[in-house]
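These notes are about the structure you will find just below.
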There are 2 protein chains.
Amino acid sequence: MLILDNFDKSAVTVDNVIFGFDDEDLKVLLIKRGESPFEGSWALPGYFVKGDEDLDKAAKRVLAELTGLENVYLEQVETFGKTNRHPAGRVITVAYYSLIKISDFKITPNSIANRAVWKSTSFAQDLAFDHDEIFKACFNRLKRKVRSKPIGFELLPPKFTLTKLQQLYEAILEVQLDKRNFRKKILSMDLLHYLDEREEKVAHRPAKLYKFDENKYQEFLSKGMVFDISESKSKGAKKKLKF
Amino acid sequence: MLILDNFDKSAVTVDNVIFGFDDEDLKVLLIKRGESPFEGSWALPGYFVKGDEDLDKAAKRVLAELTGLENVYLEQVETFGKTNRHPAGRVITVAYYSLIKISDFKITPNSIANRAVWKSTSFAQDLAFDHDEIFKACFNRLKRKVRSKPIGFELLPPKFTLTKLQQLYEAILEVQLDKRNFRKKILSMDLLHYLDEREEKVAHRPAKLYKFDENKYQEFLSKGMVFDISESKSKGAKKKLKF
DNA sequence: TCAAAAGTGTTCTTATTACACCCATGG
DNA sequence: CCATGGGTGTAATAAGAACACTTTTGA
(Lines give C-alpha, C1' and ligand atoms only; values in the text may rest on other atoms or scores of the structure.)
Protein backbone atom coordinates (compact mmCIF):
# COMPACT_ATOMS: atom_id res chain seq x y z
CA MET A 1 0.00 0.00 0.00
CA LEU A 2 1.12 3.43 -0.93
CA ILE A 3 2.72 5.56 1.79
CA LEU A 4 1.81 9.18 1.30
CA ASP A 5 4.69 10.37 3.47
CA ASN A 6 6.99 9.62 0.57
CA PHE A 7 5.51 12.47 -1.42
CA ASP A 8 5.63 16.23 -1.15
CA LYS A 9 2.67 18.00 0.38
CA SER A 10 1.22 21.41 -0.08
CA ALA A 11 -0.93 23.85 1.82
CA VAL A 12 -4.28 24.32 0.11
CA THR A 13 -6.64 27.26 0.17
CA VAL A 14 -9.95 28.16 -1.38
CA ASP A 15 -10.39 31.62 -2.84
CA ASN A 16 -13.86 32.93 -3.42
CA VAL A 17 -15.01 35.32 -6.09
CA ILE A 18 -18.33 36.45 -4.64
CA PHE A 19 -20.52 38.31 -7.10
CA GLY A 20 -23.41 40.54 -6.20
CA PHE A 21 -25.61 42.82 -8.25
CA ASP A 22 -26.64 46.17 -6.94
CA ASP A 23 -28.84 48.27 -9.20
CA GLU A 24 -27.05 48.41 -12.53
CA ASP A 25 -23.66 47.41 -11.28
CA LEU A 26 -22.02 44.01 -10.96
CA LYS A 27 -19.97 43.84 -7.78
CA VAL A 28 -17.38 41.59 -6.26
CA LEU A 29 -16.56 41.22 -2.58
CA LEU A 30 -12.97 42.15 -1.75
CA ILE A 31 -11.08 42.51 1.49
CA LYS A 32 -8.33 44.91 2.36
CA ARG A 33 -5.35 42.98 3.62
CA GLY A 34 -4.25 44.00 7.10
CA GLU A 35 -1.06 42.00 7.18
CA SER A 36 2.01 41.14 5.19
CA PRO A 37 2.38 40.05 2.43
CA PHE A 38 0.50 42.55 0.28
CA GLU A 39 -0.55 44.60 3.31
CA GLY A 40 -2.97 47.29 2.19
CA SER A 41 -3.81 45.58 -1.09
CA TRP A 42 -7.25 44.39 -2.04
CA ALA A 43 -7.60 40.64 -2.23
CA LEU A 44 -10.15 37.93 -2.82
CA PRO A 45 -11.49 36.45 0.39
CA GLY A 46 -10.13 32.98 0.92
CA TYR A 47 -8.80 30.70 3.56
CA PHE A 48 -7.02 27.44 4.26
CA VAL A 49 -8.65 24.08 3.76
CA LYS A 50 -8.61 21.80 6.78
CA GLY A 51 -7.01 18.39 6.54
CA ASP A 52 -10.24 16.55 7.18
CA GLU A 53 -12.49 18.76 5.08
CA ASP A 54 -13.77 18.15 1.57
CA LEU A 55 -12.80 20.91 -0.84
CA ASP A 56 -16.36 21.83 -1.70
CA LYS A 57 -17.27 21.90 1.99
CA ALA A 58 -14.34 24.19 2.65
CA ALA A 59 -15.56 26.57 -0.02
CA LYS A 60 -19.05 26.59 1.50
CA ARG A 61 -17.68 27.08 5.00
CA VAL A 62 -15.45 29.97 4.02
CA LEU A 63 -18.29 31.56 2.09
CA ALA A 64 -20.68 31.19 5.03
CA GLU A 65 -18.14 32.64 7.42
CA LEU A 66 -17.64 35.61 5.15
CA THR A 67 -21.18 36.42 4.20
CA GLY A 68 -23.35 34.65 6.75
CA LEU A 69 -25.09 33.01 3.80
CA GLU A 70 -25.71 29.34 3.07
CA ASN A 71 -27.44 27.61 0.17
CA VAL A 72 -25.79 29.88 -2.29
CA TYR A 73 -24.84 29.21 -5.89
CA LEU A 74 -21.23 28.06 -5.79
CA GLU A 75 -19.06 26.62 -8.52
CA GLN A 76 -15.47 25.48 -8.68
CA VAL A 77 -13.59 27.18 -11.49
CA GLU A 78 -9.89 26.50 -11.59
CA THR A 79 -6.93 25.59 -9.44
CA PHE A 80 -3.87 27.78 -9.34
CA GLY A 81 -0.64 26.02 -8.52
CA LYS A 82 2.42 27.97 -9.51
CA THR A 83 5.10 27.33 -6.92
CA ASN A 84 5.84 31.01 -6.47
CA ARG A 85 2.31 32.31 -6.26
CA HIS A 86 2.51 32.77 -2.49
CA PRO A 87 5.57 34.39 -0.91
CA ALA A 88 5.35 32.27 2.24
CA GLY A 89 5.81 29.00 0.37
CA ARG A 90 3.82 26.60 -1.67
CA VAL A 91 0.11 27.21 -1.50
CA ILE A 92 -2.21 25.70 -4.06
CA THR A 93 -5.51 27.50 -4.27
CA VAL A 94 -8.81 26.30 -5.64
CA ALA A 95 -10.96 29.13 -6.97
CA TYR A 96 -14.72 29.15 -6.60
CA TYR A 97 -17.23 31.75 -7.55
CA SER A 98 -20.57 32.33 -5.93
CA LEU A 99 -23.63 34.42 -6.65
CA ILE A 100 -25.46 36.10 -3.83
CA LYS A 101 -28.25 38.61 -3.42
CA ILE A 102 -26.55 41.66 -1.99
CA SER A 103 -29.65 42.51 0.01
CA ASP A 104 -29.32 39.24 1.96
CA PHE A 105 -25.68 39.86 2.75
CA LYS A 106 -24.96 40.75 6.35
CA ILE A 107 -21.54 41.52 7.69
CA THR A 108 -21.14 38.93 10.41
CA PRO A 109 -19.34 40.17 13.51
CA ASN A 110 -16.59 37.58 13.83
CA SER A 111 -15.72 37.35 10.21
CA ILE A 112 -13.11 38.57 7.82
CA ALA A 113 -16.03 40.37 6.24
CA ASN A 114 -15.55 43.23 8.65
CA ARG A 115 -13.01 44.46 6.21
CA ALA A 116 -14.98 43.34 3.16
CA VAL A 117 -16.28 45.78 0.60
CA TRP A 118 -18.37 45.44 -2.53
CA LYS A 119 -16.35 46.74 -5.45
CA SER A 120 -17.61 47.23 -8.96
CA THR A 121 -16.12 44.53 -11.18
CA SER A 122 -14.66 47.20 -13.42
CA PHE A 123 -12.43 48.27 -10.54
CA ALA A 124 -11.35 44.80 -9.46
CA GLN A 125 -7.71 45.00 -10.41
CA ASP A 126 -4.24 45.23 -8.92
CA LEU A 127 -5.23 42.62 -6.40
CA ALA A 128 -2.81 40.77 -4.12
CA PHE A 129 -1.06 37.53 -5.13
CA ASP A 130 -2.31 36.14 -8.44
CA HIS A 131 -5.83 37.26 -7.61
CA ASP A 132 -6.19 39.32 -10.79
CA GLU A 133 -5.82 36.12 -12.75
CA ILE A 134 -8.18 34.23 -10.46
CA PHE A 135 -10.78 36.96 -10.67
CA LYS A 136 -10.57 37.02 -14.45
CA ALA A 137 -10.97 33.25 -14.70
CA CYS A 138 -14.06 33.36 -12.50
CA PHE A 139 -15.57 36.33 -14.29
CA ASN A 140 -15.08 34.58 -17.61
CA ARG A 141 -16.68 31.45 -16.25
CA LEU A 142 -19.66 33.47 -15.02
CA LYS A 143 -19.98 35.11 -18.43
CA ARG A 144 -20.10 31.79 -20.16
CA LYS A 145 -22.35 30.08 -17.66
CA VAL A 146 -24.92 32.82 -17.41
CA ARG A 147 -25.67 32.41 -21.09
CA SER A 148 -26.49 28.72 -20.88
CA LYS A 149 -28.01 28.35 -17.44
CA PRO A 150 -30.49 30.57 -15.62
CA ILE A 151 -28.10 31.31 -12.76
CA GLY A 152 -28.42 35.05 -13.24
CA PHE A 153 -31.56 34.99 -11.11
CA GLU A 154 -29.41 34.06 -8.09
CA LEU A 155 -28.18 37.65 -8.13
CA LEU A 156 -31.60 39.28 -8.21
CA PRO A 157 -34.09 39.75 -5.40
CA PRO A 158 -37.08 37.37 -5.54
CA LYS A 159 -39.19 40.00 -7.32
CA PHE A 160 -37.61 41.87 -10.18
CA THR A 161 -38.48 43.81 -13.29
CA LEU A 162 -37.48 42.85 -16.80
CA THR A 163 -35.34 45.95 -17.00
CA LYS A 164 -33.37 44.89 -13.92
CA LEU A 165 -32.88 41.47 -15.49
CA GLN A 166 -31.64 43.06 -18.69
CA GLN A 167 -29.29 45.35 -16.77
CA LEU A 168 -27.92 42.32 -14.98
CA TYR A 169 -27.12 40.58 -18.27
CA GLU A 170 -25.61 43.75 -19.64
CA ALA A 171 -23.41 44.11 -16.56
CA ILE A 172 -22.19 40.52 -16.68
CA LEU A 173 -21.71 40.26 -20.41
CA GLU A 174 -20.46 43.83 -20.78
CA VAL A 175 -22.57 44.54 -23.82
CA GLN A 176 -25.69 46.49 -24.69
CA LEU A 177 -28.85 44.56 -25.41
CA ASP A 178 -31.92 45.49 -27.39
CA LYS A 179 -34.88 45.88 -25.07
CA ARG A 180 -37.55 44.43 -27.32
CA ASN A 181 -35.50 41.49 -28.47
CA PHE A 182 -34.38 40.71 -24.93
CA ARG A 183 -37.92 40.69 -23.62
CA LYS A 184 -39.18 38.66 -26.53
CA LYS A 185 -36.56 36.01 -25.92
CA ILE A 186 -36.85 35.83 -22.13
CA LEU A 187 -40.64 35.79 -22.14
CA SER A 188 -40.79 33.23 -24.95
CA MET A 189 -38.95 30.76 -22.73
CA ASP A 190 -41.82 31.02 -20.27
CA LEU A 191 -39.67 30.72 -17.16
CA LEU A 192 -40.95 33.79 -15.36
CA HIS A 193 -44.08 34.10 -13.32
CA TYR A 194 -45.79 37.45 -13.43
CA LEU A 195 -46.74 38.34 -9.89
CA ASP A 196 -49.59 40.72 -10.78
CA GLU A 197 -47.68 43.37 -8.87
CA ARG A 198 -45.91 46.47 -10.00
CA GLU A 199 -43.24 48.79 -8.78
CA GLU A 200 -44.48 51.51 -6.47
CA LYS A 201 -43.57 55.13 -6.03
CA VAL A 202 -41.43 55.44 -9.10
CA ALA A 203 -41.53 58.60 -11.12
CA HIS A 204 -42.44 56.82 -14.30
CA ARG A 205 -44.74 54.09 -15.50
CA PRO A 206 -44.34 51.33 -12.90
CA ALA A 207 -42.83 48.12 -14.18
CA LYS A 208 -44.34 44.68 -13.76
CA LEU A 209 -42.71 42.42 -11.18
CA TYR A 210 -41.74 38.85 -12.03
CA LYS A 211 -40.19 35.95 -10.24
CA PHE A 212 -38.18 33.08 -11.67
CA ASP A 213 -40.24 29.90 -11.60
CA GLU A 214 -38.17 26.83 -10.81
CA ASN A 215 -41.02 24.48 -11.73
CA LYS A 216 -41.39 26.03 -15.14
CA TYR A 217 -37.66 25.65 -15.63
CA GLN A 218 -37.82 21.94 -14.83
CA GLU A 219 -40.63 21.53 -17.37
CA PHE A 220 -38.64 23.52 -19.87
CA LEU A 221 -35.68 21.20 -19.41
CA SER A 222 -37.79 18.08 -19.62
CA LYS A 223 -38.98 19.24 -23.04
CA GLY A 224 -35.34 19.10 -24.09
CA MET A 225 -35.09 22.84 -24.36
CA VAL A 226 -31.92 24.72 -23.63
CA PHE A 227 -31.61 28.03 -21.84
CA ASP A 228 -29.64 30.23 -24.14
CA ILE A 229 -28.84 33.91 -24.22
CA SER A 230 -26.72 33.41 -27.22
CA GLU A 231 -23.71 35.24 -28.49
CA SER A 232 -23.83 36.93 -31.82
CA LYS A 233 -22.34 34.82 -34.57
CA SER A 234 -22.33 37.64 -37.06
CA LYS A 235 -19.47 37.71 -39.50
CA GLY A 236 -19.21 41.44 -38.97
CA ALA A 237 -16.49 41.49 -36.33
CA LYS A 238 -18.76 43.10 -33.76
CA LYS A 239 -18.07 42.49 -30.13
CA LYS A 240 -21.62 43.47 -29.53
CA LEU A 241 -24.13 40.99 -28.25
CA LYS A 242 -27.32 41.18 -30.21
CA PHE A 243 -30.82 39.97 -29.94
CA MET B 1 4.19 37.12 7.90
CA LEU B 2 2.11 34.03 7.56
CA ILE B 3 3.62 30.73 8.72
CA LEU B 4 2.40 27.90 6.54
CA ASP B 5 3.33 25.29 9.11
CA ASN B 6 0.27 26.33 11.07
CA PHE B 7 -2.01 24.88 8.40
CA ASP B 8 -2.83 21.38 7.24
CA LYS B 9 -1.15 20.11 4.11
CA SER B 10 -2.18 17.63 1.49
CA ALA B 11 -0.54 15.39 -1.06
CA VAL B 12 -1.41 16.52 -4.58
CA THR B 13 -1.58 14.52 -7.79
CA VAL B 14 -2.43 15.22 -11.39
CA ASP B 15 -4.66 12.75 -13.22
CA ASN B 16 -4.68 12.78 -16.98
CA VAL B 17 -7.52 11.89 -19.29
CA ILE B 18 -5.66 11.32 -22.53
CA PHE B 19 -7.88 11.15 -25.57
CA GLY B 20 -6.94 9.64 -28.89
CA PHE B 21 -8.91 8.94 -32.04
CA ASP B 22 -8.36 5.78 -33.97
CA ASP B 23 -10.49 5.33 -37.06
CA GLU B 24 -14.05 5.87 -35.97
CA ASP B 25 -13.48 5.36 -32.28
CA LEU B 26 -12.67 7.82 -29.53
CA LYS B 27 -10.22 6.26 -27.11
CA VAL B 28 -8.84 7.03 -23.69
CA LEU B 29 -5.54 5.84 -22.26
CA LEU B 30 -5.95 3.71 -19.15
CA ILE B 31 -3.53 1.73 -17.04
CA LYS B 32 -4.10 -1.50 -15.21
CA ARG B 33 -3.15 -1.04 -11.60
CA GLY B 34 -0.48 -3.45 -10.43
CA GLU B 35 -0.67 -2.61 -6.77
CA SER B 36 -3.04 -2.02 -3.91
CA PRO B 37 -5.37 -0.22 -3.61
CA PHE B 38 -7.60 -1.14 -6.54
CA GLU B 39 -5.11 -3.74 -7.77
CA GLY B 40 -6.27 -5.07 -11.12
CA SER B 41 -8.63 -2.17 -11.79
CA TRP B 42 -8.30 0.20 -14.68
CA ALA B 43 -7.33 3.70 -13.73
CA LEU B 44 -6.46 7.04 -15.22
CA PRO B 45 -2.74 7.63 -15.46
CA GLY B 46 -1.61 10.15 -12.92
CA TYR B 47 1.13 10.89 -10.48
CA PHE B 48 2.24 13.05 -7.59
CA VAL B 49 3.14 16.68 -8.01
CA LYS B 50 6.56 17.66 -6.72
CA GLY B 51 6.91 20.32 -4.06
CA ASP B 52 8.83 22.65 -6.32
CA GLU B 53 6.85 22.05 -9.48
CA ASP B 54 4.10 24.20 -10.97
CA LEU B 55 0.85 22.31 -11.39
CA ASP B 56 0.70 22.79 -15.15
CA LYS B 57 4.31 21.68 -15.46
CA ALA B 58 3.53 18.58 -13.47
CA ALA B 59 0.69 17.75 -15.83
CA LYS B 60 3.00 18.19 -18.83
CA ARG B 61 5.74 16.14 -17.23
CA VAL B 62 3.45 13.26 -16.32
CA LEU B 63 1.94 13.33 -19.80
CA ALA B 64 5.38 13.30 -21.44
CA GLU B 65 6.53 10.43 -19.25
CA LEU B 66 3.46 8.46 -20.16
CA THR B 67 3.26 9.08 -23.86
CA GLY B 68 6.66 10.37 -24.86
CA LEU B 69 4.85 13.38 -26.32
CA GLU B 70 5.36 17.08 -25.73
CA ASN B 71 3.59 20.13 -27.15
CA VAL B 72 0.27 18.48 -26.78
CA TYR B 73 -3.12 20.07 -26.19
CA LEU B 74 -3.61 20.03 -22.43
CA GLU B 75 -6.28 21.64 -20.34
CA GLN B 76 -7.05 21.71 -16.65
CA VAL B 77 -10.59 20.63 -15.91
CA GLU B 78 -11.41 20.23 -12.26
CA THR B 79 -9.94 19.47 -8.88
CA PHE B 80 -11.25 16.62 -6.82
CA GLY B 81 -10.81 17.00 -3.10
CA LYS B 82 -13.07 14.73 -1.10
CA THR B 83 -11.17 13.65 2.01
CA ASN B 84 -11.98 9.98 1.46
CA ARG B 85 -11.24 9.75 -2.24
CA HIS B 86 -7.93 7.97 -1.65
CA PRO B 87 -7.70 5.10 0.86
CA ALA B 88 -4.14 5.96 1.87
CA GLY B 89 -5.06 9.39 3.14
CA ARG B 90 -5.76 12.82 1.85
CA VAL B 91 -4.83 13.26 -1.79
CA ILE B 92 -6.19 16.15 -3.76
CA THR B 93 -6.05 15.55 -7.49
CA VAL B 94 -6.16 18.04 -10.32
CA ALA B 95 -7.62 16.57 -13.49
CA TYR B 96 -6.33 17.49 -16.92
CA TYR B 97 -7.30 16.21 -20.30
CA SER B 98 -5.11 16.07 -23.34
CA LEU B 99 -5.59 15.33 -27.01
CA ILE B 100 -2.98 13.37 -28.88
CA LYS B 101 -2.60 11.80 -32.28
CA ILE B 102 -2.56 8.09 -31.57
CA SER B 103 -0.17 7.50 -34.44
CA ASP B 104 2.47 9.64 -32.70
CA PHE B 105 2.09 7.79 -29.44
CA LYS B 106 4.99 5.53 -28.54
CA ILE B 107 5.13 3.42 -25.45
CA THR B 108 8.26 4.66 -23.78
CA PRO B 109 10.34 1.99 -22.08
CA ASN B 110 10.65 3.43 -18.59
CA SER B 111 7.16 4.63 -18.25
CA ILE B 112 3.94 3.61 -16.64
CA ALA B 113 2.70 3.38 -20.20
CA ASN B 114 4.03 -0.14 -20.41
CA ARG B 115 0.78 -1.13 -18.85
CA ALA B 116 -1.22 1.50 -20.71
CA VAL B 117 -3.96 0.56 -23.13
CA TRP B 118 -6.23 2.55 -25.40
CA LYS B 119 -9.81 1.85 -24.41
CA SER B 120 -12.85 3.00 -26.27
CA THR B 121 -14.53 5.77 -24.30
CA SER B 122 -17.72 3.75 -24.21
CA PHE B 123 -15.93 1.15 -22.10
CA ALA B 124 -14.24 3.57 -19.73
CA GLN B 125 -16.11 2.71 -16.57
CA ASP B 126 -15.68 0.99 -13.22
CA LEU B 127 -12.36 2.73 -12.83
CA ALA B 128 -10.36 2.90 -9.63
CA PHE B 129 -10.82 5.63 -7.00
CA ASP B 130 -13.16 8.39 -8.19
CA HIS B 131 -11.81 8.10 -11.71
CA ASP B 132 -15.24 7.48 -13.23
CA GLU B 133 -16.25 10.91 -12.05
CA ILE B 134 -13.00 12.45 -13.23
CA PHE B 135 -13.30 10.84 -16.63
CA LYS B 136 -16.87 12.04 -17.01
CA ALA B 137 -15.93 15.60 -16.09
CA CYS B 138 -13.14 15.60 -18.66
CA PHE B 139 -15.25 14.01 -21.36
CA ASN B 140 -17.95 16.60 -20.80
CA ARG B 141 -15.41 19.36 -20.98
CA LEU B 142 -14.09 17.98 -24.24
CA LYS B 143 -17.61 17.79 -25.63
CA ARG B 144 -18.24 21.39 -24.85
CA LYS B 145 -14.89 22.68 -25.93
CA VAL B 146 -14.76 20.86 -29.24
CA ARG B 147 -17.86 22.76 -30.35
CA SER B 148 -16.43 26.18 -29.75
CA LYS B 149 -12.75 25.75 -30.51
CA PRO B 150 -11.06 23.84 -33.33
CA ILE B 151 -9.25 21.51 -30.96
CA GLY B 152 -10.64 18.39 -32.64
CA PHE B 153 -7.86 18.62 -35.20
CA GLU B 154 -5.36 17.79 -32.45
CA LEU B 155 -6.70 14.25 -32.57
CA LEU B 156 -6.36 13.78 -36.31
CA PRO B 157 -3.25 13.11 -38.37
CA PRO B 158 -1.96 16.13 -40.30
CA LYS B 159 -3.79 15.01 -43.42
CA PHE B 160 -7.36 13.86 -43.08
CA THR B 161 -10.56 13.47 -45.02
CA LEU B 162 -13.80 15.27 -44.27
CA THR B 163 -15.39 11.96 -43.42
CA LYS B 164 -12.76 11.28 -40.75
CA LEU B 165 -13.37 14.73 -39.34
CA GLN B 166 -17.08 14.07 -39.25
CA GLN B 167 -16.57 10.69 -37.59
CA LEU B 168 -14.42 12.39 -34.98
CA TYR B 169 -17.17 14.84 -34.14
CA GLU B 170 -19.72 12.06 -34.06
CA ALA B 171 -17.52 10.06 -31.70
CA ILE B 172 -16.95 12.96 -29.32
CA LEU B 173 -20.45 14.36 -29.34
CA GLU B 174 -22.11 10.94 -29.49
CA VAL B 175 -24.59 11.97 -32.15
CA GLN B 176 -25.12 11.40 -35.86
CA LEU B 177 -24.45 14.27 -38.20
CA ASP B 178 -25.74 14.97 -41.67
CA LYS B 179 -22.94 14.65 -44.21
CA ARG B 180 -23.95 17.49 -46.50
CA ASN B 181 -24.71 19.93 -43.73
CA PHE B 182 -21.52 19.09 -41.87
CA ARG B 183 -19.38 19.67 -44.94
CA LYS B 184 -21.18 22.85 -45.83
CA LYS B 185 -20.56 24.27 -42.37
CA ILE B 186 -16.93 23.19 -42.02
CA LEU B 187 -15.96 24.33 -45.50
CA SER B 188 -17.81 27.62 -45.15
CA MET B 189 -15.54 28.51 -42.26
CA ASP B 190 -12.61 28.27 -44.64
CA LEU B 191 -10.19 26.84 -42.08
CA LEU B 192 -9.06 23.83 -44.07
CA HIS B 193 -6.45 23.76 -46.74
CA TYR B 194 -7.04 21.28 -49.55
CA LEU B 195 -3.75 19.53 -50.20
CA ASP B 196 -4.52 18.55 -53.80
CA GLU B 197 -3.98 14.97 -52.69
CA ARG B 198 -6.33 12.08 -52.34
CA GLU B 199 -6.56 8.83 -50.51
CA GLU B 200 -4.85 5.94 -52.26
CA LYS B 201 -5.68 2.29 -52.63
CA VAL B 202 -9.14 2.49 -51.24
CA ALA B 203 -11.89 0.38 -52.76
CA HIS B 204 -14.05 3.37 -53.50
CA ARG B 205 -13.79 6.85 -54.84
CA PRO B 206 -10.74 8.29 -53.07
CA ALA B 207 -11.44 11.16 -50.69
CA LYS B 208 -9.72 14.52 -50.79
CA LEU B 209 -7.12 15.19 -48.12
CA TYR B 210 -7.17 18.38 -46.09
CA LYS B 211 -5.09 19.91 -43.38
CA PHE B 212 -6.12 22.39 -40.71
CA ASP B 213 -4.66 25.81 -41.50
CA GLU B 214 -3.60 27.68 -38.38
CA ASN B 215 -3.07 30.91 -40.33
CA LYS B 216 -6.55 30.81 -41.73
CA TYR B 217 -7.85 30.27 -38.21
CA GLN B 218 -6.02 33.35 -36.96
CA GLU B 219 -7.54 35.39 -39.78
CA PHE B 220 -10.93 33.90 -39.00
CA LEU B 221 -10.60 35.00 -35.37
CA SER B 222 -9.38 38.45 -36.27
CA LYS B 223 -12.56 38.93 -38.30
CA GLY B 224 -14.42 38.38 -35.04
CA MET B 225 -15.79 35.06 -36.15
CA VAL B 226 -16.47 32.23 -33.78
CA PHE B 227 -15.80 28.56 -34.39
CA ASP B 228 -19.06 26.85 -33.69
CA ILE B 229 -20.35 23.36 -34.28
CA SER B 230 -23.55 24.22 -32.58
CA GLU B 231 -26.00 22.20 -30.66
CA SER B 232 -29.51 21.87 -31.86
CA LYS B 233 -31.88 24.24 -30.13
CA SER B 234 -34.98 22.61 -31.51
CA LYS B 235 -38.01 22.57 -29.27
CA GLY B 236 -38.57 18.97 -30.23
CA ALA B 237 -36.80 17.31 -27.30
CA LYS B 238 -34.30 15.60 -29.59
CA LYS B 239 -30.92 14.68 -28.20
CA LYS B 240 -29.75 14.57 -31.77
CA LEU B 241 -27.26 17.06 -33.04
CA LYS B 242 -28.33 18.49 -36.34
CA PHE B 243 -26.86 20.51 -39.10
C1' DT C 1 -47.08 69.44 -18.37
C1' DC C 2 -42.75 67.46 -18.14
C1' DA C 3 -39.32 63.90 -17.45
C1' DA C 4 -38.39 59.21 -17.08
C1' DA C 5 -38.68 54.56 -17.87
C1' DA C 6 -42.22 50.79 -19.37
C1' DG C 7 -44.10 48.42 -22.81
C1' DT C 8 -44.99 46.66 -27.44
C1' DG C 9 -44.66 44.33 -33.51
C1' DT C 10 -43.03 43.97 -37.88
C1' DT C 11 -39.86 43.34 -41.53
C1' DC C 12 -35.55 41.72 -43.23
C1' DT C 13 -31.79 38.77 -43.18
C1' DT C 14 -29.27 34.79 -42.01
C1' DA C 15 -28.71 30.16 -40.32
C1' DT C 16 -30.48 25.57 -39.84
C1' DT C 17 -32.73 21.67 -41.30
C1' DA C 18 -34.21 17.81 -44.24
C1' DC C 19 -33.36 15.17 -47.94
C1' DA C 20 -31.40 11.55 -52.66
C1' DC C 21 -28.68 10.65 -56.35
C1' DC C 22 -24.44 10.18 -59.32
C1' DC C 23 -19.16 9.44 -59.10
C1' DA C 24 -14.61 7.12 -58.81
C1' DT C 25 -12.09 3.41 -57.42
C1' DG C 26 -10.41 -1.63 -56.34
C1' DG C 27 -11.52 -6.20 -56.33
C1' DC D 1 -19.86 -5.08 -62.92
C1' DC D 2 -20.46 -4.74 -58.17
C1' DA D 3 -19.70 -2.88 -53.60
C1' DT D 4 -18.09 0.91 -51.11
C1' DG D 5 -17.82 5.29 -49.51
C1' DG D 6 -17.12 10.29 -51.81
C1' DG D 7 -19.19 14.11 -53.23
C1' DT D 8 -22.85 17.52 -54.27
C1' DG D 9 -27.63 21.50 -54.03
C1' DT D 10 -32.04 23.29 -53.00
C1' DA D 11 -36.18 24.52 -50.73
C1' DA D 12 -38.63 25.22 -46.36
C1' DT D 13 -38.38 26.76 -41.76
C1' DA D 14 -36.73 29.02 -37.75
C1' DA D 15 -33.99 32.30 -35.35
C1' DG D 16 -31.77 36.66 -34.99
C1' DA D 17 -31.32 41.61 -35.88
C1' DA D 18 -32.82 46.23 -36.59
C1' DC D 19 -35.74 49.65 -35.42
C1' DA D 20 -39.66 54.06 -32.97
C1' DC D 21 -43.51 55.30 -30.86
C1' DT D 22 -47.21 55.31 -27.12
C1' DT D 23 -48.20 54.66 -22.08
C1' DT D 24 -48.10 55.49 -17.20
C1' DT D 25 -46.57 57.53 -13.30
C1' DG D 26 -44.61 61.24 -9.78
C1' DA D 27 -42.90 65.58 -9.31
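Here is the naming used below: chain letters follow the sequence lines, and residue numbers restart at 1 for every chain.
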task = Look at the side chain of Arg205(A) and decide which nucleotide, out of dT25(C), dG7(C), dG7(D), has an atom nearest to it.
result = dG7(C)
inquiry  = Nearest whole Å is fine: how far is dG26(C) C1' from Lys201(B) NZ?
reply    = 12 Å
message = Distance check needed: dG5(D) C1' versus Arg198(B) CZ, whole Å only.
response = 14 Å
inquiry  = Angle between ring planes, Tyr210(B) versus Tyr194(B), binned at 30° and 60°: parallel, tilted or perpendicular?
reply    = tilted
task = Check whether any side-chain N or O of Arg180(B) sits under 4.0 Å from OP1 or OP2 of dA18(C), and answer yes or no.
result = no
note = Whichever of Lys179(B) and Lys184(B) has the more 5' nearest nucleotide on DNA chain D, that residue is Lys179(B)
query = Considering residues, nucleotides and ligands other than Lys149(B), do more than 12 of their heavy atoms fall under 6.0 Å from its NZ?
reply = no
ask   = Roughly how many Å is it from CD in Glu200(A) to P in dA5(C), rounded to a whole number?
value = 19 Å
remark   = Between NZ of Lys185(A) and P of dG16(D) the distance, given in whole Å, is 4 Å
ask   = Got Phe227(A) and Leu191(A) here, is their nearest side-chain heavy-atom distance under 4.5 Å?
value = yes
request  = Starting at atom CG of Leu187(A), determine the distance to atom C1' of dA6(C), rounded to an integer number of angstrom.
outcome  = 13 Å
ask   = Start at the 5' end of DNA chain D and walk down; is the nucleotide closest to Val202(A) or to Leu209(B) reached first?
value = Leu209(B)
inquiry  = Looking at Lys159(B), I want to see if its NZ is surrounded by more than 12 non-hydrogen atoms of other residues, nucleotides or ligands under 6.0 Å.
reply    = no
query = Rounded to whole angstroms, how far apart are CD on Glu199(A) and C1' on dG26(D)?
reply = 13 Å
ask   = Do the rings of Phe135(B) and Phe19(B) sit parallel, tilted or perpendicular, given the 30° and 60° boundaries?
value = tilted
inquiry  = Would you say Thr163(B) places a side-chain N or O within less than 4.0 Å of OP1 or OP2 belonging to dG5(D)?
reply    = no
request  = Report which part of the nucleic acid Thr161(B) touches: base, sugar-phosphate, or nothing (heavy-atom distance under 4.0 Å, all strands).
outcome  = nothing
inquiry  = Using a 4.0 Å heavy-atom cut-off, does Lys208(B) contact any base of the nucleic acid, only the sugar-phosphate backbone, or nothing at all?
reply    = sugar-phosphate
ask   = Which nucleotide in the set dC19(D), dT4(D), dA6(C) lies at the smallest distance from any side-chain heavy atom of Asp178(A)?
value = dC19(D)
remark   = Ranking dG26(D), dT24(D), dA24(C) by distance to the side chain of Ala203(A), first place goes to dG26(D)
inquiry  = Expressed as a whole number of angstroms, how long is the span from Asn181(B):CG to dT13(D):C1'?
reply    = 13 Å
task = When you get a sec, tell me which of dG7(C), dG6(D), dC19(C) is the closest nucleotide to the side chain of Ala207(A)?
result = dG7(C)
key: Interatomic distance, Lys164(A) NZ vs dA6(C) C1' [rounded to whole Å]   = 12 Å
